[in-house]
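Just so it is clear: chains get the letters A, B, ... in the order the sequence lines come, proteins before strands, and each one is counted from 1. All values below were derived from every heavy atom in this structure, side-chain atoms included, with hydrogens, water molecules and symmetry-related copies excluded.
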There are 2 protein chains.
Amino acid sequence: MGTINISRKQQVILKATELFKIKGYAATSMRDLANSLGIEAASLYSHIKSKEEILQSICFGMADEFTRALNAIETEDIPSSEKLQKGIAAHTEVIARDLDASAVFLNEYRHLSQPFLRDFLLLRINYINRFKKIIQEGISRREFKDMDEKLAVMTIFSSLNWMPNWYNPMGELDKKELGKQLANLLINGLNQKPL
Amino acid sequence: MGTINISRKQQVILKATELFKIKGYAATSMRDLANSLGIEAASLYSHIKSKEEILQSICFGMADEFTRALNAIETEDIPSSEKLQKGIAAHTEVIARDLDASAVFLNEYRHLSQPFLRDFLLLRINYINRFKKIIQEGISRREFKDMDEKLAVMTIFSSLNWMPNWYNPMGELDKKELGKQLANLLINGLNQKPL
DNA sequence: CCTACCGATCGGTAGG
DNA sequence: CCTACCGATCGGTAGG
């Protein structure tokens with residue numbers, strides 16, 4: 001339970017996150033993971049209880065990050081478009097901070113066993129509903145156009161959640177700028193504003 | 001090679017598509033597939049050569065559908081926003097026509113072995129670049145706002161490609177309306193137009 | 001962190 | 001489409 005053990009466990013989880021992203025959870029074996037850490041497969045089990053425990057810690061850890069990022073924004077008394085813009089920026093920030101873990105969170109959660117899968121899906125639906133409320137509010141205030149709410153919220157999430165598949169943090173677009181441009185594109189569209 | 005064999009092979013691929021979507025390619029065993037067809041695992045091999053052959057036929061079949069849907073649109077002499085709107089509608093139509101195969105195409109292609117993976121990725125990058133050109137054209141004509149092109153094209157694709165995760169063809173939003181609303185949201189944004 | 005090993009399951013073949 | 005079976009690999013344990 002000393003510092004060394006804790007740190008080693010984190011190394012294991014970090015490397016597993018990387019492999020789960022690249023190959024997928026099911027196609028990543030404990031031997032793959034052990035090899036890329038330079039140890040034997042059996043040795044992993046002095047750090048973690050099971051393969052799934054790693055997936056659980058990634059999925060629920062990220063769920064917690066997303067949830068907390070939204071907490072501050074939700075109750076502010078500002079226009080819906082500003083609230084949405086801040087929500088998008090917060091979500092983008094969490095993803096950009098850890099692209100590998102985000103990819104696993106987004107694509108591999110389905111390999112959680114019960115009751116973890118059920119719990120995870122509840123957290124996710126709650127989070128989505130909080131964004132949905134912001135959009136509904138904006139529509140009822142006639143700030144946003146009157147459109148299918150599910151389509152609007154899913155379009156926003158999909159745009160944000162595809163990021164791990166293309167965003168290069170070393171590229172010319174930095175995290176802050178990315179969040180701003182994404183929010184602007186979704187709220188104001190691709191077309192030039194009329195003068 | 002009679003009609004019965006061909007039809008049975010299609011049944012196998014159809015059921016495999018469904019399972020690959022739900023459980024993922026790696027986590028779906030040939031015994032899972034055989035069981036859900038009511039036969040023994042070994043019997044599958046009189047219809048298909050290997051597990052991966054199924055994945056190949058799904059991935060390359062869908063790639064072909066997407067490519068062909070775009071062909072007619074590209075060369076029309078119309079405003080960029082109209083071209084983009086038609087491209088989005090065509091892409092949406094292909095996805096909505098087969099949500100399961102689309103999900104496999106989008107998420108499971110990475111389990112293709114070489115040289116299939118390489119070929120697949122080439123087809124995909126070509127397709128994305130065709131959309132990118134439409135956007136670049138619109139920006140240079142000052143029809144679209146001046147923004148990061150990669151971000152714009154990735155945002156559009158992500159919105160379209162998330163559909164298999166949420167769209168219910170039995171719901172209140174029909175395919176045509178979906179394509180229209182998606183294109184409208186991406187091109188004009190969520191905000192109300194100023195009067 | 002290792003050696004040695006477990007029962008279960010994998011994709012696939014032989015032969016009918 | 002089946003029975004019978006293959007070698008390889010899986011996640012994980014015992015014991016040190």
(message) As a test of reading the structure: which of dG12(C), dC1(D), dG12(D) is closest to the side chain of S43(B), going by heavy atoms?
(response) dC1(D)
(request) Could you state the atom-to-atom distance from CD of E40(B) to P of dC10(C) in whole Å? (result) 13 Å
(request) Counting heavy atoms from C-beta on, name the nucleotide in dT13(D), dC1(C), dG11(C) closest to the side chain of I39(A). (result) dC1(C)
(request) Look through every strand shown and name the nucleotide pairing with dG12(C) as Watson-Crick or G-U wobble, where both distances are under 3.5 Å. (result) dC5(D)
(message) Show the nearest heavy-atom pair for residues W166(A) and K150(B), with the distance to one decimal.
(response) O-NZ, 3.5 Å
(request) Would you mind reading off the distance between K23(B) atom NZ and dC10(C) atom C1', rounded to a whole angstrom? (result) 13 Å
(message) Can you confirm whether D146(B) is buried at CG, in the sense that more than 12 heavy atoms of other residues, nucleotides or ligands lie under 6.0 Å from that atom?
(response) no
(request) Would you name the heavy atoms of S159(B) and L182(B) that are closest together and state the gap between them? (result) CB-CD2, 4.2 Å
(request) Look at the side-chain N and O atoms of S46(A) and state whether any lies under 4.0 Å from the OP1 or OP2 oxygen of dC1(C). (result) no
(request) Round to the nearest Å and state the distance from H47(B) atom NE2 to dG12(C) atom P. (result) 15 Å
(message) Starting the side chain at C-beta, find the nucleotide from dG12(C), dC1(C), dG11(D) nearest to K51(A).
(response) dG11(D)
(message) Let's see if you can work this out: which of dT3(D), dG11(C), dG12(D) has an atom nearest to the side-chain heavy atoms of M30(B)?
(response) dG11(C)
(request) Return the value, rounded to whole Å, for the distance between atom CG of D32(B) and atom C1' of dG11(C). (result) 12 Å
(request) Can you tell me the distance, in whole Å, between the NZ atom of K9(B) and the P atom of dC1(D)? (result) 14 Å
(message) Check this one for me: any side-chain N or O of S29(A) less than 4.0 Å away from OP1 or OP2 of dC10(D)?
(response) yes
(request) Starting at atom OH of Y45(A), determine the distance to atom P of dG15(D), rounded to an integer number of angstrom. (result) 18 Å
(request) Give the rounded distance in Å between these two atoms: CG of L33(B) and P of dG12(C). (result) 12 Å
(request) Please check if the distance between the ring centroids of F105(B) and F66(B) is under 6.0 Å. (result) yes
(message) I need the CG-C1' distance between L37(A) and dC1(C), as an integer number of Å.
(response) 12 Å
(message) Can you confirm if the aromatic rings of F131(B) and Y127(B) lie within a centre distance of less than 6.0 Å?
(response) yes
(message) Any side-chain N or O of R31(B) below 4.0 angstrom from OP1/OP2 of dG12(C)?
(response) no
